[in-house]
Amino acid sequence: MSEPEMDGAASTAVVDSLVRGDRATSTLPATKEPALPAEKELVRGSESVRSADDADQGVLVKVRSLLPEFTGALRRVAEHVLTDPAAASRATIVELAERSGTSPATVTRFCRALGFDGYADLRLGIAAETGRARSAGWTVDIGREIQPGDPLERVLGQIMAADTRAMHDTAALLDLAEVERAAVAIAAAPRVNIFGASGSALVGEEMQFSLHRIGVPVWAWTDVHNGLASAALSRPGDVALGISHSGETGETIELLAEASSRGATTIALTSFPRSPLAELADITLITATQATTFRPDALSARHPQLVVLDLLYVAVAQRTHERSHAAFQRTAQAVHGHKAAKDGSTT
(Lines give C-alpha, C1' and ligand atoms only; values in the text may rest on other atoms or scores of the structure.)
Protein backbone atom coordinates (compact mmCIF):
# COMPACT_ATOMS: atom_id res chain seq x y z
CA MET A 1 0.00 0.00 0.00
CA SER A 2 1.48 3.35 -0.99
CA GLU A 3 1.82 6.35 1.28
CA PRO A 4 -0.91 8.92 0.63
CA GLU A 5 0.06 12.28 -0.78
CA MET A 6 1.14 14.86 1.81
CA ASP A 7 -0.41 18.27 2.26
CA GLY A 8 0.81 20.08 -0.82
CA ALA A 9 3.91 20.01 -2.97
CA ALA A 10 6.03 21.80 -0.40
CA SER A 11 5.50 19.05 2.17
CA THR A 12 6.30 16.39 -0.42
CA ALA A 13 9.52 18.20 -1.28
CA VAL A 14 10.51 18.35 2.37
CA VAL A 15 9.96 14.62 2.79
CA ASP A 16 11.87 13.80 -0.41
CA SER A 17 14.84 15.98 0.51
CA LEU A 18 15.03 14.57 4.04
CA VAL A 19 14.79 10.98 2.82
CA ARG A 20 17.48 11.57 0.18
CA GLY A 21 19.77 13.03 2.82
CA ASP A 22 19.08 10.18 5.23
CA ARG A 23 19.81 7.52 2.61
CA ALA A 24 23.41 8.67 2.59
CA THR A 25 23.75 7.12 6.03
CA SER A 26 21.08 4.42 5.89
CA THR A 27 19.95 2.10 3.09
CA LEU A 28 17.03 0.70 5.03
CA PRO A 29 13.80 0.88 3.00
CA ALA A 30 11.06 2.80 4.74
CA THR A 31 7.86 1.05 5.71
CA LYS A 32 4.70 2.76 4.62
CA GLU A 33 1.26 2.95 6.09
CA PRO A 34 -1.74 5.14 5.25
CA ALA A 35 -2.47 8.18 7.32
CA LEU A 36 -5.51 7.70 9.51
CA PRO A 37 -8.19 10.40 9.27
CA ALA A 38 -7.76 11.08 12.98
CA GLU A 39 -4.04 11.69 12.47
CA LYS A 40 -4.69 14.15 9.66
CA GLU A 41 -7.24 15.97 11.79
CA LEU A 42 -4.78 16.10 14.71
CA VAL A 43 -2.09 17.63 12.52
CA ARG A 44 -4.48 20.25 11.17
CA GLY A 45 -5.82 20.98 14.65
CA SER A 46 -2.34 21.25 16.10
CA GLU A 47 -1.25 23.67 13.40
CA SER A 48 -4.29 25.84 13.98
CA VAL A 49 -3.48 26.47 17.65
CA ARG A 50 0.28 27.03 17.37
CA SER A 51 1.50 30.44 18.44
CA ALA A 52 4.82 32.26 18.67
CA ASP A 53 4.94 31.44 22.36
CA ASP A 54 5.27 27.72 21.54
CA ALA A 55 8.87 28.31 20.54
CA ASP A 56 9.70 28.88 24.19
CA GLN A 57 8.33 25.49 25.23
CA GLY A 58 10.51 22.39 25.27
CA VAL A 59 9.96 19.90 22.46
CA LEU A 60 9.54 17.00 24.88
CA VAL A 61 6.99 19.01 26.89
CA LYS A 62 4.93 19.42 23.73
CA VAL A 63 5.19 15.72 22.94
CA ARG A 64 4.07 14.70 26.44
CA SER A 65 1.15 17.14 26.45
CA LEU A 66 -0.07 15.89 23.06
CA LEU A 67 0.57 12.19 23.71
CA PRO A 68 -3.05 11.35 24.70
CA GLU A 69 -4.25 12.79 21.39
CA PHE A 70 -1.86 10.83 19.21
CA THR A 71 -3.09 7.52 17.84
CA GLY A 72 -1.60 4.71 15.81
CA ALA A 73 1.64 5.52 14.03
CA LEU A 74 1.93 9.05 15.42
CA ARG A 75 1.74 7.70 18.96
CA ARG A 76 4.51 5.17 18.24
CA VAL A 77 6.80 7.97 17.07
CA ALA A 78 5.95 10.08 20.13
CA GLU A 79 6.57 7.23 22.56
CA HIS A 80 9.91 6.43 20.95
CA VAL A 81 11.06 10.06 21.15
CA LEU A 82 10.08 10.27 24.82
CA THR A 83 11.76 6.95 25.65
CA ASP A 84 15.16 7.99 24.29
CA PRO A 85 15.27 11.66 23.22
CA ALA A 86 19.07 11.72 22.96
CA ALA A 87 19.03 8.87 20.43
CA ALA A 88 16.15 10.51 18.56
CA SER A 89 18.16 13.71 18.20
CA ARG A 90 20.95 11.74 16.48
CA ALA A 91 18.76 9.53 14.28
CA THR A 92 18.03 10.17 10.64
CA ILE A 93 14.40 10.33 9.60
CA VAL A 94 14.63 6.82 8.16
CA GLU A 95 16.22 5.48 11.34
CA LEU A 96 13.55 7.04 13.55
CA ALA A 97 10.85 5.64 11.27
CA GLU A 98 12.37 2.16 11.48
CA ARG A 99 12.78 2.22 15.26
CA SER A 100 9.20 3.36 15.79
CA GLY A 101 7.78 0.96 13.18
CA THR A 102 6.44 3.75 10.99
CA SER A 103 7.50 5.62 7.84
CA PRO A 104 9.36 8.87 7.07
CA ALA A 105 6.08 10.43 5.99
CA THR A 106 4.57 9.64 9.39
CA VAL A 107 7.58 11.18 11.13
CA THR A 108 7.03 14.30 9.02
CA ARG A 109 3.35 14.41 10.05
CA PHE A 110 4.55 14.11 13.65
CA CYS A 111 6.85 17.11 13.12
CA ARG A 112 3.97 19.14 11.67
CA ALA A 113 1.76 18.25 14.65
CA LEU A 114 4.41 19.79 16.91
CA GLY A 115 4.57 22.96 14.79
CA PHE A 116 7.85 22.20 12.98
CA ASP A 117 8.33 22.62 9.25
CA GLY A 118 10.36 19.44 8.95
CA TYR A 119 12.42 16.76 10.61
CA ALA A 120 15.61 18.81 10.74
CA ASP A 121 13.90 21.35 13.01
CA LEU A 122 12.64 18.59 15.30
CA ARG A 123 16.13 17.11 15.64
CA LEU A 124 17.61 20.50 16.46
CA GLY A 125 14.92 21.14 19.05
CA ILE A 126 15.46 17.81 20.80
CA ALA A 127 19.25 18.20 20.67
CA ALA A 128 19.03 21.66 22.20
CA GLU A 129 16.77 20.39 24.97
CA THR A 130 18.94 17.41 25.86
CA GLY A 131 21.96 19.73 25.78
CA ARG A 132 20.29 22.06 28.28
CA ALA A 133 19.50 19.04 30.44
CA ARG A 134 23.17 18.07 30.53
CA SER A 135 24.32 21.60 31.33
CA ALA A 136 21.75 21.84 34.11
CA GLY A 137 22.95 18.59 35.65
CA TRP A 138 19.95 16.51 34.55
CA THR A 139 20.71 13.01 33.35
CA VAL A 140 19.89 12.37 29.70
CA ASP A 141 18.58 8.92 30.68
CA ILE A 142 16.12 10.65 32.98
CA GLY A 143 13.46 8.11 32.11
CA ARG A 144 15.69 5.15 32.99
CA GLU A 145 13.97 2.51 35.05
CA ILE A 146 14.94 2.52 38.74
CA GLN A 147 15.91 -1.04 39.55
CA PRO A 148 15.06 -2.72 42.91
CA GLY A 149 18.77 -3.04 43.66
CA ASP A 150 19.77 0.53 42.80
CA PRO A 151 21.54 2.36 45.64
CA LEU A 152 19.57 5.19 47.23
CA GLU A 153 22.14 7.70 45.97
CA ARG A 154 21.21 6.89 42.38
CA VAL A 155 17.49 6.81 43.20
CA LEU A 156 17.76 10.23 44.80
CA GLY A 157 19.57 11.57 41.74
CA GLN A 158 16.90 10.24 39.39
CA ILE A 159 14.06 11.68 41.47
CA MET A 160 15.76 15.05 41.83
CA ALA A 161 16.52 15.19 38.11
CA ALA A 162 12.96 14.24 37.18
CA ASP A 163 11.35 16.75 39.55
CA THR A 164 13.73 19.53 38.54
CA ARG A 165 13.04 18.86 34.87
CA ALA A 166 9.28 18.75 35.44
CA MET A 167 9.26 22.05 37.30
CA HIS A 168 11.36 23.77 34.64
CA ASP A 169 9.03 22.38 31.97
CA THR A 170 6.03 23.59 33.96
CA ALA A 171 7.52 27.08 34.11
CA ALA A 172 7.88 27.02 30.32
CA LEU A 173 4.29 25.85 29.80
CA LEU A 174 2.60 28.11 32.33
CA ASP A 175 0.67 31.09 31.01
CA LEU A 176 1.26 33.83 33.59
CA ALA A 177 -1.65 35.84 32.22
CA GLU A 178 -3.91 32.93 33.20
CA VAL A 179 -2.34 32.86 36.67
CA GLU A 180 -3.06 36.57 36.95
CA ARG A 181 -6.71 36.07 35.97
CA ALA A 182 -7.07 33.24 38.49
CA ALA A 183 -5.48 35.31 41.29
CA VAL A 184 -7.74 38.29 40.62
CA ALA A 185 -10.83 36.04 40.63
CA ILE A 186 -9.87 34.29 43.88
CA ALA A 187 -8.91 37.54 45.63
CA ALA A 188 -12.39 38.96 44.99
CA ALA A 189 -14.39 35.74 45.45
CA PRO A 190 -17.00 35.49 48.24
CA ARG A 191 -16.44 31.72 48.15
CA VAL A 192 -13.82 29.38 46.67
CA ASN A 193 -14.42 25.65 46.16
CA ILE A 194 -11.56 23.26 45.40
CA PHE A 195 -12.32 19.89 43.84
CA GLY A 196 -10.01 16.91 43.37
CA ALA A 197 -9.86 13.15 43.79
CA SER A 198 -7.14 10.84 45.14
CA GLY A 199 -3.70 12.49 44.90
CA SER A 200 -5.22 15.66 43.47
CA ALA A 201 -7.37 15.92 46.59
CA LEU A 202 -4.21 16.09 48.72
CA VAL A 203 -2.88 18.91 46.56
CA GLY A 204 -6.24 20.68 46.83
CA GLU A 205 -6.21 20.44 50.61
CA GLU A 206 -2.75 22.03 50.68
CA MET A 207 -4.07 24.95 48.64
CA GLN A 208 -7.10 25.23 50.91
CA PHE A 209 -4.81 25.43 53.95
CA SER A 210 -2.69 28.19 52.39
CA LEU A 211 -5.62 30.34 51.27
CA HIS A 212 -7.44 29.84 54.57
CA ARG A 213 -4.46 31.28 56.48
CA ILE A 214 -4.81 34.59 54.61
CA GLY A 215 -8.54 34.90 55.15
CA VAL A 216 -9.89 33.56 51.86
CA PRO A 217 -13.25 31.77 52.34
CA VAL A 218 -12.22 28.46 50.81
CA TRP A 219 -13.33 24.82 51.06
CA ALA A 220 -11.70 21.69 49.64
CA TRP A 221 -14.12 18.88 48.77
CA THR A 222 -13.22 15.23 48.19
CA ASP A 223 -16.66 13.69 48.71
CA VAL A 224 -18.70 13.98 45.51
CA HIS A 225 -22.06 14.47 47.24
CA ASN A 226 -20.81 17.21 49.54
CA GLY A 227 -18.91 18.78 46.68
CA LEU A 228 -21.96 18.81 44.43
CA ALA A 229 -24.05 20.39 47.18
CA SER A 230 -21.48 23.15 47.57
CA ALA A 231 -21.10 23.60 43.82
CA ALA A 232 -24.88 23.89 43.45
CA LEU A 233 -24.85 26.81 45.90
CA SER A 234 -22.28 28.70 43.82
CA ARG A 235 -23.10 32.18 42.62
CA PRO A 236 -21.56 34.58 40.11
CA GLY A 237 -18.30 35.85 41.56
CA ASP A 238 -17.51 32.57 43.32
CA VAL A 239 -14.56 30.49 42.11
CA ALA A 240 -14.27 26.73 41.57
CA LEU A 241 -10.82 25.15 41.15
CA GLY A 242 -10.66 21.63 39.72
CA ILE A 243 -7.41 19.65 39.98
CA SER A 244 -6.75 16.61 37.79
CA HIS A 245 -3.47 15.57 36.19
CA SER A 246 -5.21 13.80 33.31
CA GLY A 247 -8.09 16.27 33.10
CA GLU A 248 -10.36 13.24 32.66
CA THR A 249 -11.46 12.49 36.25
CA GLY A 250 -15.23 12.21 35.95
CA GLU A 251 -16.06 13.40 39.46
CA THR A 252 -13.91 16.52 39.17
CA ILE A 253 -15.40 17.37 35.77
CA GLU A 254 -18.92 16.94 37.15
CA LEU A 255 -18.22 19.17 40.15
CA LEU A 256 -16.64 21.91 38.04
CA ALA A 257 -19.49 21.74 35.53
CA GLU A 258 -22.07 22.16 38.30
CA ALA A 259 -20.27 25.21 39.69
CA SER A 260 -19.96 26.65 36.18
CA SER A 261 -23.68 26.22 35.55
CA ARG A 262 -24.34 28.38 38.63
CA GLY A 263 -22.16 31.21 37.36
CA ALA A 264 -18.90 30.53 39.20
CA THR A 265 -15.56 31.29 37.56
CA THR A 266 -13.90 27.93 36.91
CA ILE A 267 -10.18 27.14 37.00
CA ALA A 268 -8.57 23.88 35.84
CA LEU A 269 -5.14 22.67 36.95
CA THR A 270 -4.11 19.85 34.61
CA SER A 271 -1.24 18.53 32.53
CA PHE A 272 -3.29 18.34 29.34
CA PRO A 273 -4.54 21.59 27.77
CA ARG A 274 -7.09 19.83 25.53
CA SER A 275 -8.55 17.56 28.19
CA PRO A 276 -12.28 17.69 29.07
CA LEU A 277 -11.54 19.53 32.32
CA ALA A 278 -9.45 22.17 30.54
CA GLU A 279 -12.08 22.67 27.85
CA LEU A 280 -14.74 23.17 30.51
CA ALA A 281 -12.82 25.75 32.55
CA ASP A 282 -12.71 29.51 32.11
CA ILE A 283 -9.04 29.57 33.16
CA THR A 284 -6.53 26.78 32.57
CA LEU A 285 -3.22 26.31 34.40
CA ILE A 286 -0.91 23.73 32.83
CA THR A 287 1.71 21.55 34.52
CA ALA A 288 4.34 19.20 33.12
CA THR A 289 5.39 15.83 34.53
CA GLN A 290 8.40 13.54 34.35
CA ALA A 291 7.57 10.04 35.49
CA THR A 292 10.05 7.71 37.20
CA THR A 293 9.78 4.09 38.26
CA PHE A 294 7.27 3.68 41.10
CA ARG A 295 6.08 7.26 40.41
CA PRO A 296 3.88 7.30 37.30
CA ASP A 297 2.68 10.57 35.79
CA ALA A 298 -0.21 11.05 38.20
CA LEU A 299 2.14 10.87 41.20
CA SER A 300 5.00 12.79 39.62
CA ALA A 301 2.55 15.60 38.82
CA ARG A 302 2.23 16.48 42.51
CA HIS A 303 5.32 18.69 42.85
CA PRO A 304 4.66 20.70 39.66
CA GLN A 305 1.05 21.13 40.79
CA LEU A 306 2.22 22.45 44.15
CA VAL A 307 4.60 24.88 42.44
CA VAL A 308 1.78 26.33 40.33
CA LEU A 309 -0.57 26.56 43.30
CA ASP A 310 2.15 28.18 45.42
CA LEU A 311 2.54 30.80 42.71
CA LEU A 312 -1.21 31.31 42.60
CA TYR A 313 -1.39 31.58 46.39
CA VAL A 314 1.37 34.21 46.51
CA ALA A 315 -0.34 36.12 43.69
CA VAL A 316 -3.58 36.16 45.71
CA ALA A 317 -1.70 37.30 48.85
CA GLN A 318 -0.11 40.13 46.85
CA ARG A 319 -3.50 41.33 45.71
CA THR A 320 -4.97 41.17 49.22
CA HIS A 321 -1.86 42.35 51.02
CA GLU A 322 -3.46 44.24 53.91
CA ARG A 323 -6.05 41.56 54.57
CA SER A 324 -3.48 38.77 54.23
CA HIS A 325 -0.97 40.46 56.54
CA ALA A 326 -3.62 41.01 59.22
CA ALA A 327 -4.83 37.42 58.89
CA PHE A 328 -1.29 36.08 59.26
CA GLN A 329 -0.77 38.07 62.43
CA ARG A 330 -4.05 36.90 63.97
CA THR A 331 -3.56 33.25 63.06
CA ALA A 332 0.06 33.24 64.21
CA GLN A 333 -0.95 34.73 67.55
CA ALA A 334 -3.75 32.21 67.94
CA VAL A 335 -1.43 29.20 67.62
CA HIS A 336 1.57 30.74 69.37
CA GLY A 337 0.72 29.20 72.73
CA HIS A 338 0.92 25.70 71.25
CA LYS A 339 4.54 26.02 70.13
CA ALA A 340 7.43 24.64 72.16
CA ALA A 341 9.12 27.20 74.42
CA LYS A 342 12.76 28.10 73.67
CA ASP A 343 13.93 26.58 76.96
CA GLY A 344 12.64 23.19 75.86
CA SER A 345 9.46 23.18 77.93
CA THR A 346 6.04 23.24 76.35
CA THR A 347 3.07 25.47 77.07
Side-chain angles (χ1 to χ4, degrees), residues 170 174-273 275-287 298 301-320 323-324 327-328 331:
T170 295
L174 195 59
D175 186 340
L176 295 181
E178 290 286 271
V179 177
E180 172 80 23
R181 290 179 60 207
V184 169
I186 291 174
R191 181 183 182 91
V192 177
N193 285 314
I194 301 177
F195 305 124
S198 189
S200 295
L202 300 176
V203 174
E205 289 174 349
E206 180 73 17
M207 184 61 167
Q208 188 268 342
F209 169 78
S210 297
L211 291 175
H212 181 69
R213 285 294 300 269
I214 59 173
V216 175
V218 55
W219 289 262
W221 304 98
T222 56
D223 179 84
V224 175
H225 290 184
N226 290 336
L228 281 172
S230 186
L233 295 175
S234 296
R235 297 177 180 178
D238 289 347
V239 170
L241 168 62
I243 304 172
S244 170
H245 158 67
S246 67
E248 297 179 346
T249 304
E251 296 88 343
T252 305
I253 294 170
E254 182 182 6
L255 290 163
L256 207 67
E258 178 63 29
S260 178
S261 71
R262 305 294 178 175
T265 298
T266 52
I267 304 170
L269 178 64
T270 179
S271 298
F272 298 98
S275 61
L277 187 70
E279 292 178 355
L280 168 65
D282 300 312
I283 301 169
T284 304
L285 307 179
I286 302 300
T287 58
R302 189 175 305 164
H303 289 160
Q305 286 172 341
L306 289 172
V307 167
V308 173
L309 291 180
D310 277 348
L311 175 63
L312 179 57
Y313 155 71
V314 171
V316 173
Q318 286 178 312
R319 285 149 187 79
T320 58
R323 184 181 76 188
S324 298
F328 262 131
T331 54

Residues at least two apart in sequence or cross-chain that pass salt bridge (Lys or Arg N to Asp or Glu O under 4.0 Å) with Arg319, listed by chain then number, are Glu180
Salt bridge (Lys or Arg N to Asp or Glu O under 4.0 Å) filter on Glu178, not counting sequence neighbours, yields Arg181
Taking all heavy atoms of [X] and all of [Y], pick out the closest pair and write down the distance.
X: Val179; Y: Leu312; answer: O-CD1, 3.8 Å
X: Pro276; Y: Gly247; answer: CD-O, 3.4 Å
X: Ala201; Y: Gly196; answer: CB-O, 3.5 Å
X: Gln305; Y: Ser200; answer: NE2-OG, 4.3 Å
X: Ala259; Y: Ala240; answer: CB-CB, 3.6 Å
X: Ala189; Y: Val192; answer: CB-CG2, 3.8 Å

Has Phe209 got more than 12 heavy atoms of other residues, nucleotides or ligands less than 6.0 Å from its CZ? no
Does CZ in Arg235 sit with more than 12 non-hydrogen atoms of other residues, nucleotides or ligands closer than 6.0 Å? no
Please name all residues satisfying side chain to side chain donor-acceptor pair (under 3.5 Å) with [X], sequence neighbours left out, ordered by chain then number.
X: Ser230; answer: Arg191, Asn193, Trp221
X: Thr265; answer: none
X: Thr249; answer: Ser244
X: Asp238; answer: none

Point to revise | Donor-acceptor under 3.5 Å (Ser271 side chain, Ser246 main chain) | key: no
Task: Side-chain (Thr320) to main-chain (Val316) donor-acceptor, under 3.5 angstrom - done: yes
Could you check whether any side-chain heavy atom of Leu241 comes within less than 4.5 Å of a side-chain heavy atom of Leu309, counting everything from C-beta outward? yes
Mind checking the [atom1]-[atom2] spacing from [X] to [Y]? Nearest 0.5 Å is all I need.
X: Asp310; Y: Met207; atom1: CG; atom2: CE; answer: 8.0 Å
X: Gln208; Y: Tyr313; atom1: CD; atom2: OH; answer: 12.5 Å
X: Gln318; Y: Ile214; atom1: CD; atom2: CD1; answer: 10.5 Å

Hits for side-chain contact (heavy atoms from CB on, under 4.5 Å) against Leu255, two or more places apart or cross-chain, chain-then-number order -> Phe195, Leu228
Across all chains, not counting sequence neighbours, the side-chain contact (heavy atoms from CB on, under 4.5 Å) partners of Val307 are Met167
What pairs of donor and acceptor atoms, side-chain ones from residues 279-286 against any protein atom, are under 3.5 angstrom apart with sequence neighbours left out?
unit_1 : atom_1 : unit_2 : atom_2 : d
Asp282 : OD2    : Thr266 : N      : 2.9
Asp282 : OD2    : Thr266 : OG1    : 3.1
Thr284 : OG1    : Ala278 : O      : 3.4

Contacts satisfying salt bridge (charged side-chain N to carboxylate O under 4.0 Å, His left out) that involve residues 245-261 (not counting sequence neighbours) are Glu258-Arg262
Residue pairs meeting salt bridge (charged side-chain N to carboxylate O under 4.0 Å, His left out), one or both in residues 193-219, sequence neighbours left out, come to none
Paired with Ile194, the side chain to side chain contact (heavy atoms under 4.5 Å, CB included) test is passed by just one of Ile267, Val203, Val218, namely Val218
